[in-house]
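Sequential numbering from 1 along the given sequence is applied to the chain's residues.
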Amino acid sequence: MRIAEVSSPDSRHQADYQERLLSQLDSLIKQIESHSPSHSQTLSALSCDFRQTLTHLSQLAPFSSNSLKLNVWKLSYRLWNSCVDLSNAASISRSSSKFSADAIAELRYVAADLLYLASDVAGVPSPAIKSAFFYYKTGLVWHDLKKFDLASSCLEKATEIMSKLDISKVSDSGDKKLLLDINIARSRTAWEVLDGNLAITLLNRSKCLVFGLFEHYKSLANQYLMFAKSVLSKNETNSLNDALKFMNEALDLCEKGLAETRTREETTELRGLKFKTLRFISAVHLQKGEYESVIKCVRVLREGSFNVNGGDGGDHHASLPVLAVKAWLGLGRYGEAEKELRGMVTMKGIPEGIWVSAVEAYFPAAGTAGAETAKGVFLGLLGRCHVSAKTAVRMVHRVTGDDGDGVSEGAVKVRAKVVAELVSDERVLALFAGDGVDKERIAIHAILWNCASSLFRSKDYQTSADMFEKSMLYLPFDTDNRILRAKSFRVLCLCYLGLCQLDRAQEYITEAEKLEPNIASAFLKFKIYLQKNDHKGAINQILPMTICLDFTTDFLSLAAHEAVACHALSVAVASLSNLLNFYNSGKPMPTKEVVVLRTLITILSQDSGNESEVLKYMKRAHARTSELGPGCFFGKEEVGRREQNWFGVMSWNFGTRCGKEKNYELCVEFLRLASEFFGMLVDGQVEVNNIMVCKSLILSVSAMIASENQKQTALLDTEVKQAVELLDRAGKILTSLSTGTMDSDLFFMYTFNAYDIQGRLNNSESQELLIKAFASSKACNPENLLEIGLAASQGPRSNPQVATFALNECLSALLSSPSPNYQSVALTIRKLIAVASIHRGDTDDDAVHDMYKQAYRITVGLKEGEYPSEEGKWLAMTAWNRAAVPVKLGQIDPAKKWMNVGLELARQVSGMQTYRSCMEDFISSFEKKCLQFGTGKTKP
């Protein structure tokens, strides 16, 4: 045996160590082969063991033995296949996790390193390419797991292996494809880590690896297109330009690839990619606002002129009309855009999102003028394409302008008309029939309702009614929508009320009441009666309103306002009267009770003949004031004072008006109420109100007396007692007033009325005291005394003492005047003579004679006609006539006394010359006869 053939101990030891490492790898692989992907914790531990063993084995490389290399090769393939099985199992296992996927990827990495460690193996074709393939596939796995550093490491290892090969000697198309795929994968990984320059460099470098093969052109073009999409998704400043560069690269590769295609299938596939690329280019030009370029791209796509291998026409993708529509709109050529849009109707099976996008682009640009086109396109596509209810909602929303795009009222009306035609089309209604479209049905109803509401607010009631009616097409006839249908009927009633189509409005509100009887429906019915001037019907409708379950008193207040606006005052009165009934119910009230009463009285006062009704509510106001107190009923401070004063003034005005109209009974009631309202204490106005209270009290008694004279029926004892009480109150107020604030006429009226009432009580002493107190006051004047004297001197309750006193006081006051009123003087003298003559008779003939003598003294020295001639004649004649009885009785002295007075008076009165002559002749004859028979003894 040769020495060289004897193995050294080190060699034997190394071989044993290798065998032991390989045995460990085999044992680990067996564990992997029997391993479940759910045991991720164990799998990670195994990958660590693999990596450690591989590290020890790599220290022994390179291997000299081919058998050892082959053994390592086999172990690598076993591990790789196990990883493939684990990956497949994990993909369908619910228990798979990211952690186990990382562990499997690590095991792949070990398999790739193990294969690379084996290096060249005799008998195995292209071992380097297979090793590069393992690294390539592992890099792709790491890339998918977002471990881009590990992916880059694997792909760089694969590139390094492939770079050592002579490309010209690589004949297998799969191996050539691997070269390109590795480069593209590296480019993708670099792109992910934001190393854009490296990614683009790697892609550009890949152009020399296409080898004129169709698949290579396609893969590289697809990658350029992917980068373009990625750039666009970032939405950065230069994204459009960068994306356009990538797309142009992809387009160029597609064009070159088309020259290398060998089969029709390859040509069709690459043409499709080129069409797609060109569509993206067109979309980028659209985003950049390069509309002419978009149109050129669309034309090229449709004509198919770039197809170097010929073909059966250009691209007919559904997105082309959208691109064309938007480009033509950008150029302001709306007619061309409309042609494109209408052309979509002829395309079968066009995706819903595509044509919706086109319509949405066209409509805002074309505006209201495009509403009809949009409707036509939508209806045209219904039969050719799949159209969902959701899309119909979207279209209606766009056309109505419900998104607040600031259209004019006229445009809204036009759009509403188009929408009404659209939503009432049977084909559109069919989209919302059945189950599964409840949300869409609710949505379109809401859009139509909102559009109708907007039109209603702009007072376009006809169009609004049309839209409300169309919205009801999308309300199912079920219990859940019963209330909503009733609401729709009520709104339609309002629309036709606005259009003054009252019969149709009544039809709708009747339907609403059938579905949901409530206060809103009852009130609208009330309003229809008002519009029809059916005041009786409106009044009868008030009660049904008040018994509605959701009734609130606000509706009665609103009803009154509506009635006043329609000049239906009787309806307003009925509404407010019913409203008053709720002030003790505890319900919240829309306004204060005093305001309701004031409004009622104001309404009633607008027409004559309502005095009794006014009095009724005046009494109610007074009763509520007594019940609640002035502060609670009228209000506090200045507001309360104004309200209180208003009721007092209104009572006063109605009282004086009734007095002028000789309606004395109502006059008494109103004036008594006025005294009550004015008599309530009001801060800062006590004195003014006291005067009004006094006036009201005194005038009410005057009205009572006037009523008695009018009806010629004596006052009842209760009425007399009441008058006494009223006058007592007035008297107390008059006493409390200062002289400066006292009204002389008021004092006289009080005195006159009190005198009259005391006369009914046969209290002559009180009468005399009243008149004397009045005569001594500064308020007294001759005319008042004359009136009192005249009243006291006549009638069934005359008082001669008062009459005499008043007339004497009157005569004294008249004569003391610098310019006496001799007409009044004459009348006073006449009445004094009459009182004395009637009540004294012949018992006090001298007193009467003195009155005549006083009259004579008054007339002496007066200018002719200054003293009333008729009164002077009356004095002269009556004085002369008083001598007749004594003459007949032969009473010479009394006869002479009266004849002399009569003659003296006749001499002072012009126009009595003839009478004076006769008187003088008679006196002369009488005296002669008296001389013949002796004075006073016998008849002359």
Does a donor on one side chain sit under 3.5 Å from an acceptor on the other, for S577 and Y617?
-> yes

Any side-chain heavy-atom pair of I705 and R760 under 4.5 Å | yes

Donor on one side chain, acceptor on other, D466 and T463, under 3.5 Å | no

Flag for N753-D756: side-chain donor and acceptor within less than 3.5 Å | no

Taking the side chain as every heavy atom from C-beta outward, state whether L499 and R504 have any pair of such atoms under 4.5 Å apart.
-> no

Answer yes or no: is there a donor N or O on one side and an acceptor on the other, between the side chain of Q710 and the main chain of K662, under 3.5 Å?
-> yes

I528 side chain reached by Q541 side chain, heavy atoms, under 4.5 Å | no

Taking only Lys NZ, Arg NE, NH1 and NH2, and the carboxylate oxygens of Asp or Glu, determine whether R729 and E676 approach each other closer than 4.0 Å.
-> yes

Output all residues satisfying ring-ring contact (aromatic ring centres under 6.0 Å, His included) with W652, sequence neighbours left out; order by chain, then residue number.
-> none

L580 backbone acceptor or donor facing R620 side chain under 3.5 Å | yes

Output yes when R830 and E870 qualify as a salt bridge under the 4.0 Å nitrogen-oxygen rule, no when they do not.
-> no

Taking the side chain as every heavy atom from C-beta outward, state whether Y461 and L494 have any pair of such atoms under 4.5 Å apart.
-> no

Tell me, do S464 and M467 make a side-chain contact under 4.5 Å, heavy atoms counted?
-> no

Heavy-atom donor-acceptor pair, N610 side chain to L604 backbone, under 3.5 Å | yes

Do the side chains of F647 and E643 get nearer than 4.5 Å, heavy atoms only?
-> yes

Is the cationic atom of R657 (NZ for Lys, CZ for Arg) positioned less than 6.0 Å from the six-membered ring centroid of F654 and within 45 degrees of its normal?
-> yes

